[in-house]
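Notes for the one structure printed next.
As the structure lists them, so they are numbered: ligands from 1, and atoms in each ligand from 1. Reckoned from all heavy atoms, side chains included, excluding hydrogens, waters and symmetry mates. Position 1 is the first residue of the sequence; numbering continues from there. As the structure is a prediction and not an experimental result, all values here were calculated from the model.
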Amino acid sequence: MAGRIAPHPKTDGPAVRVRAVRHADLPEVIALDATVTGLHKADYWQRVYRRYGVNGQGLRHFLVAVAGARVLGFVIGEVRDWEFGSPPCGWVFAIDVDPRARQKGVGSQLLGAMRERFEHVGVRILRTMLASDNQLILSFFRSQGLRAGRLIPLELEIGPT
Ligand SMILES: CC(C)(COP(=O)(O)OP(=O)(O)OC[C@H]1O[C@@H](n2cnc3c(N)ncnc32)[C@H](O)[C@@H]1OP(=O)(O)O)[C@@H](O)C(=O)NCCC(=O)NCCS
């Protein structure tokens with residue numbers, strides 16, 4: 001991945017900082033996710049918090065961008081070893097920024113913080129997956145230097161026809 005991730009947010013008002021999620025952040029995270037997906041998935045987010053927030057130090061990361069007490073966005077990722085024959089790589093599997101705080105560098109700051117954590121443990125590849133019709137997230141990841149990699153996704157619909 002090329003090194004485009006911008007370190008400095010373009011926000012007015014309180015400084016934006018990225019830190020590990022806290023349990024008290026979850027209502028805002030859940031509400032933010034609901035603005036993007038239309039679904040209020042409280043149980044799901046409690047599970048994600050237990051897996052990536054509480055026990056996540058080291059190889060799993062659930063980070064939030066905050067300005068004062070307000071959560072502006074989050075990113076979740078983890079180091080995965082030897083999947084698909086690949087050396088340890090950093091997977092980013094969720095990133096969301098509050099629509100009111102977008103295009104001010106918050107997404108870049110979140111991804112940059114995740115990248116730093118991956119690099120800290122020696123990871124040299126950052127990966128993600130996205131819906132092919134989601135132009136916004138594609139534009140964002142491309143702006144951060146991500147390009148098509150050597151793995152391709154395959155899928156099969158299973159279950160009763
Ligand atoms: C994608 C997302 C995280 C970007 O967050 P952000 O804080 O707005 O991103 P940044 O301000 O750091 O933007 C960085 C770059 O991304 C690109 N980008 C961001 N928003 C864009 C938009 N609306 N249109 C085109 N490109 C855009 C630009 O290249 C931008 O660089 P620039 O500011 O120099 O033009 C945010 O729009 C979002 O949460 N979208 C919905 C999330 C989603 O669909 N998630 C899918 C499941 S994981």
Side-chain angles (χ1 to χ4, degrees), residues 1-22 25-53 56 59-80 83-84 86 89-119 123 125-149 151-155 157:
M1 198 189 73
R4 160 70 166 76
I5 298 170
H8 300 300
K10 299 172 253 178
T11 44
D12 303 321
V16 177
R17 67 187 184 97
V18 176
R19 59 161 170 78
V21 71
R22 297 174 188 153
D25 301 322
L26 278 191
E28 284 182 276
V29 168
I30 293 166
L32 176 50
D33 172 57
T35 66
V36 176
T37 65
L39 300 171
H40 194 84
K41 309 188 291 269
D43 291 348
Y44 166 77
W45 282 107
Q46 291 290 347
R47 282 201 305 278
V48 171
Y49 175 75
R50 283 196 294 275
R51 186 169 164 83
Y52 293 89
L59 301 182
R60 295 179 187 156
H61 303 286
F62 185 168
L63 309 176
V64 288
V66 293
R70 184 176 155 219
V71 174
L72 302 181
F74 62 83
V75 64
I76 311 172
E78 68 182 323
V79 176
R80 296 192 192 160
E83 275 184 343
F84 319 113
S86 166
C89 76
W91 272 97
V92 173
F93 63 87
I95 185 164
D96 271 335
V97 172
D98 184 331
R100 294 165 298 180
R102 288 182 189 171
Q103 293 187 279
K104 294 175 179 172
V106 175
S108 303
Q109 198 179 355
L110 283 163
L111 194 65
M114 186 64 76
R115 174 183 175 159
E116 278 174 18
R117 284 157 176 79
F118 291 154
E119 287 177 337
V123 162
I125 296 274
L126 187 153
R127 282 198 177 112
T128 192
M129 195 112 73
L130 48 109
S132 56
D133 60 354
N134 191 337
Q135 288 297 326
L136 170 55
I137 199 86
L138 178 61
S139 168
F140 169 71
F141 279 125
R142 287 188 65 80
S143 82
Q144 304 301 303
L146 280 85
R147 300 290 180 264
L151 302 180
I152 56 168
L154 296 178
E155 59 188 34
E157 284 187 34

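Each of the atoms 1 (C), 43 (C), 45 (N) of ligand 1 lies under 4.0 Å from some heavy atom of I137. Every atom of ligand 1 with a heavy atom of K104 under 4.0 Å away is listed here by number and element: 11 (O). Distances below 4.0 Å separate heavy atoms of D96 from the following atoms of ligand 1: 39 (O), 41 (C), 42 (C), 43 (C), 45 (N). Close contacts between ligand 1 and Q103 involve ligand atoms 6 (P), 7 (O), 8 (O), 11 (O), 20 (N), 21 (C), 22 (C), 23 (N) [criterion: under 4.0 Å to a heavy atom]. Near Q144, with a cut-off below 4.0 Å to any heavy atom, the atoms of ligand 1 are 14 (C).
For the pair G107 and ligand 1, the shortest N or O to N or O distance falls below 3.5 Å. At under 3.5 Å, not a single nitrogen or oxygen of F93, backbone or side chain, sits near a nitrogen or oxygen of ligand 1. Annotation: G105 places an N or O atom under 3.5 Å from an N or O atom of ligand 1; distance criterion only. Where the criterion is an N or O separation shorter than 3.5 Å, residue side chain and backbone included, V36 fails it with respect to ligand 1. Taking distance alone, with nitrogen or oxygen atoms compared against 3.5 Å, S108 approaches ligand 1 more closely than that limit.
Contacts of L59 classified as side chain to side chain contact (heavy atoms under 4.5 Å, CB included), with partners at least two apart in sequence or in another chain: V79, V121.
Ring centroid separation for the pair F93 and Y52 comes in under the 6.0 Å cut-off.
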